Structures are given as structure tokens and as C-alpha cells.
There are 2 protein chains.
Amino acid sequence: MSSPPHHPDNPQPPGAAPSATVLSPPSALPTPAFSPLYQQIKGLILQSLQSGEWKPGEAIPSEIELAARFRVSQGTVRKAIDELAAENLVIRRQGKGTFVATHAEQQVQYRFLKLRPDTGDARTEGPAQRSILECRRTRASAEVARALALRSGDPVIQARRILSFAGEPTILEDIWLPGQAFKGLTAEQMADYQGPMYAMLEKEFGVRMVRAEEKIRAVLPDEEQARLLEIAPTTPVLSVERIAYTYNDIPMELRRGLYRTDTHHYHNEVH
Amino acid sequence: MSSPPHHPDNPQPPGAAPSATVLSPPSALPTPAFSPLYQQIKGLILQSLQSGEWKPGEAIPSEIELAARFRVSQGTVRKAIDELAAENLVIRRQGKGTFVATHAEQQVQYRFLKLRPDTGDARTEGPAQRSILECRRTRASAEVARALALRSGDPVIQARRILSFAGEPTILEDIWLPGQAFKGLTAEQMADYQGPMYAMLEKEFGVRMVRAEEKIRAVLPDEEQARLLEIAPTTPVLSVERIAYTYNDIPMELRRGLYRTDTHHYHNEVH
DNA sequence: GAGTGGTCTAGACCACGCG
DNA sequence: GCGTGGTCTAGACCACTCA
């Protein structure tokens, strides 16, 4: 950390780094950051988050504790946490504390899935049925490697599954995961786990998906895809190509989904 | 406004409403709001925004001025403006001031359009060519009325246009606008205006689109649509149904777009 | 150099959740 | 009743823009 900015009355000694025991980050300098104090604090909290010091669902230390740990005012910690909360990395609960965000919550199941039934409440539809069609270890094609920031031929896990809503097959997904981070992942694990796949990856492998980018197109399914989705091959479907990222914008999943939109639609809000 | 919360040392007289001259809002009570002070301030600023006290692109008063006007601290005004900035209603520029957001800026042309070329930079593609195919006064169908919160048979303006990128017709749009708010809108106005349509509506009618919701599906174009987009009728396209809202969540536009996704894709980021 | 937004602090009190 | 996050204030100084 660089020389911390001005403390009006309490001039901080130049090298006074936070007293936190900062674990060595995976692939970056300790904290380059010539940035506002609260940004630096945010970075330090982020490091603890990604190092697993606080697990998903757990509470992080209170603002007062963090302020003491980092030797800054509570207001500065607050602003750092505000940004983390705005990015959905933590969740604030008044009177209780601030918690590490997780995919394993009833309220926000399928945080990243924007498909909604055309009619009725999402809740009347009930949870999705998942069925794993395939799950195997293979090697990254050039395309998959590029999406996952790997080299061609690096080990990847490839899976295919179907999500059904109210008994209707609605989503067909092909999923690629970097083999290294998910050693030992089995089809059983994917099939048996109760809850979203991202919750399972979080729990079993400590990898948290934090944000994703999607490219959406209209396509016709091939024969096999149409059969699996139980639609005619002339029925257009949404092709949703997703790259999901962990902390530090590291891509951790490539997913190609085909969404039926005869009974559902992709919902988006734009500001 | 309810009794304003606690001023530590400067107890505010109970009825001390901000000294701002509040114009009567269109269809709501002066400010129900049993909410934090900064939320009430935000509401008051919002009223000035929607009443046109400050026009798009103009600067709003400085934080210090607003603090004086509303008799609160600068920090409270700041928090109110922070939220407005987060919602893209205003833009802060350090050293210059805070400005009313507008659709008429070079940087953020087509703020609501999420379609991007598959390859190359969006800027290499240049601006879109617009051609108006149709623009007429008509009456709202039940469906259009529901979307725009009108009654069936209310006057609406219906338009159809094509957006082309690099000479290729890419988007076909049918647009419905409530007739009352846009009296006197002509096809010439739509065709001649340099810049996004929302910028024109902003300038000519004082109606600012602030947010939109989209429902996206994959469909096949009908014959006419295919002809206009210069594609085969067997080419699936994205159907994007957008409802755009002004302040206070009042729907002001229904738009049905067909997007070609053979050369472009709909891009979305999810958190 | 004046004016604007941006950062930081310190301290007070409020609203909530839980034992 | 205590601890948590949430609100509000007051005052200082920084960083940027422009005349």
C-alpha cells in the first residue's frame, strides 16, 4: 500500500499499513492502488473474501472491528462495504451484520438466470428439476480455452444438463469448467446436490461466481437439441452464451444454454 | 413530509419543511415518504427534475446550494445525489458540477440498446442509419393500452422504423407512444432528427425515458418482416419487447423490436 | 484562486434483531 | 440492553476545472 492519504488531525506514519494479516494474493502485487483509502480498504476486504477468511453465508467482522483492524474511521469502512454490497458480493442486514453473499439462499435461487415464465408467479412454478445428461473430463478446444483463459488442450470438465419447469424441459445447457479448479467433480455430485449448481461449486470447491456476461442470439436447435427440449426443430430458441467470473474477473465457467421461449421469456431491466 | 429526524445539536422545528418551492406533482401526494431525510431530499430533487426546473444536460445546483435550500447538511444532499447518479438520472463531474442525464450525448448513444456487433469495435461500425417506414395516429388496442397504462381506444402514435448498421438492416421496430404526451409528433420529426429518438422526445416533448424493461424471445419473422430485414423467413431473430418508463415509473413507450443476430448479439451483464 | 465534487474523520443518535 | 448497520451532522482537506 502506498502512502495513505491525509488524516486531518491524526497524521498516520507513512508506512503504517493496516495491521491485518494479509494473505499473499494469487497473482497480483500486494495492492498497487494509488486510490482513495476506502478503495484500498475495499481491496483488502476483497482479498479476505477471496482467500476464504470468511465463508459464503457467514458474517464478516462488524464495521467497527474492521475500522479498528485497518486503522481507519468507520465511515471509510462503510463506504468500502457499500460498494461491495452494490456489487452483490456481501449483503447487509440491519441489526445483524454484513454477510458474504452466497448462491445457496432460498430467496435468490438462480441469481444469474433471467428466464421467467410468461404467466403466473415464478413461485407458483416451483423449483427446477435438473437432470444431468453427461459429465466428463476432456480437453479445451481453442474456443473454450479462449473463453476460460486457458491454453488449448488444458483439461476441462464438460457437462450437459436439462432444466425442467413444471415438468416441461425448458433449458438445455452445455457447461465447461476449468479442470484444475474443479478436480474430482463428478456427475453424481452435480445430480445429487440440492440447490443451484453455483451453490455446489461454492460449497465443494470454494469457487464463488460473482458476475457473468451473456451473449444472446436467436437460433434453431439441431435435431438432438430439439429432441431433448421436446420441441420441433423449426422452433426458434434463445442461445445464451455465458461466461461466469470469480473475484478479480477470472473466468471460471463457460455455459451455452438453449432457452425455450414459447412459455418463458428472458427478462432484462436497463437503466 | 413527516417530522424530520433528529438534528443532534440543531433541533429542527417539527414542521420545518424544505424551503424549496415544490410544484404540485402530477398524480401523487406531495411526498408521503416516512423515510430517511436523504430519501425525502432525493424525492424533492426528483420532483424538480421531472417538473423541468433543470433541463437535460444542464447543471443542477451545487451540493452546497441544495443543502442550503433544503436546510440539511451537504452530506445528506450528497447521499441523495449519489442514489440519483447510481440510477443514471444525473451525472457527477468532479470540479464541474452535477448534470441532468440526457440521451443526447455522444458517449452514451443508444443507452438502452444492448445489441452489439459480433466482431470489431462498436465505434468502427459507425452510427446507425434510421429510416421511418410509417408513423400514424391510431387507437390503443387492449394490449397496447395495458402496456402503456391507457384505456383501450385512447389515442396512440404508432411508428415503424428500421435501423441499419454498416448498411445492413439489423433492427425492425414497431413503436407505440401515448398520443396525449406526444401531440404533434410527425414522421418528419422522427426522420430528420440527428441523434437517438429518445433525445428527440426529450428535446421536443420534455419526456425523458429513465429506465426500461425488456422481454426477449426467439421468433421467426413473418414474410414482411423478413423482407424488411433482408433475411430468409427461416432465419430466427430476437423479439425484444420493451416498455420504457419516465420518472415515477410511468410507462411512456411500448416498443417491439426484431433484432438480427446473425452478425450481432444482445449483450448483458448479470451480477 | 474560486468553486465544484470527492474523501476522511469524529461523534451523535436511530432502527432493528436477538437474547 | 447490547451490538449491528443506518442516518445525520460538521468540519477539514484533496483533486479537478476553468477563468
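We name chains A, B, ... by the order of the sequence lines, and we start the count at 1 in each one. Please read all numbers here as calculations on a predicted model, not as lab measurements.
Side-chain proximity of B:T98 to the nucleotides C:dC8, D:dT4, C:dG5 is greatest for C:dG5. For A:R78, taking side-chain heavy atoms from C-beta onward, the closest of the listed nucleotides D:dT7, C:dG5, C:dC8 is D:dT7. Listed candidates were C:dG5, C:dT9, D:dG5. Nearest to the side chain of A:V72 is C:dT9. Closest approach to the A:E63 side chain among C:dT7, D:dC8, D:dG6 is made by D:dG6 (side chain taken as heavy atoms from C-beta onward).
Residue B:S73 places none of its side-chain N or O atoms closer than 4.0 Å to OP1 or OP2 of D:dC8. Here A:S62 reaches the OP1 or OP2 of D:dT4: one of its side-chain N or O atoms lies under 4.0 Å away. At C:dT7, one or more side-chain N or O atoms of A:K79 fall inside 4.0 Å of OP1 or OP2 (strictly under the cut-off). In terms of phosphate contacts, B:R92 brings a side-chain nitrogen or oxygen within less than 4.0 Å of OP1 or OP2 of C:dG6.
Looking at residues two or more places apart in sequence or on another chain, you find a side-chain hydrogen bond (donor to acceptor under 3.5 Å, both in side chains) between A:S73 and A:T76. Under the side-chain hydrogen bond (donor to acceptor under 3.5 Å, both in side chains) criterion, A:Q189 pairs with no residue, sequence neighbours left out. Contacts of A:R211 classified as side-chain hydrogen bond (donor to acceptor under 3.5 Å, both in side chains), with partners at least two apart in sequence or in another chain: A:E213, A:D249, B:E269. Scored by the ring pair (Phe, Tyr, Trp, His ring centres under 6.0 Å) test, B:F205 finds B:F182 as partners (sequence neighbours excluded). Partners of B:E241 according to the side-chain hydrogen bond (donor to acceptor under 3.5 Å, both in side chains) rule, which considers only residues two or more places apart in sequence or in another chain, are B:R256. Under the side-chain contact (heavy atoms from CB on, under 4.5 Å) criterion, A:K96 pairs with A:R93, A:F99, sequence neighbours left out.
The aromatic ring centroids of B:Y259 and B:H264 lie 6.0 Å or more from each other. Here B:F112 and B:H103 bring their ring centres to under 6.0 angstrom of each other.
Spacing between atom CD of A:Q74 and atom C1' of D:dG6 amounts to 10 Å, rounded to whole angstrom units. Rounded to whole angstrom, the span from the CD atom of A:Q39 across to the C1' atom of C:dT7 amounts to 11 Å. B:Q40 has its CD atom 16 Å from the P atom of C:dC14, to the nearest Å.
End-to-end axis angle of the helix from C:dG1-D:dC18 to C:dC18-D:dG1, using five pairs per end and rounding to 10°, comes to 10°.
Identified under the salt bridge (Lys or Arg N to Asp or Glu O under 4.0 Å) test for residues 192-201 of chain B, with sequence neighbours left out: none.
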Which protein N or O atoms sit under 3.5 Å from an N or O of nucleotides 17-19 of chain C?
{"from": "C:dC18", "atom 1": "OP1", "to": "A:K96", "atom 2": "NZ", "distance (Å)": "3.1"}

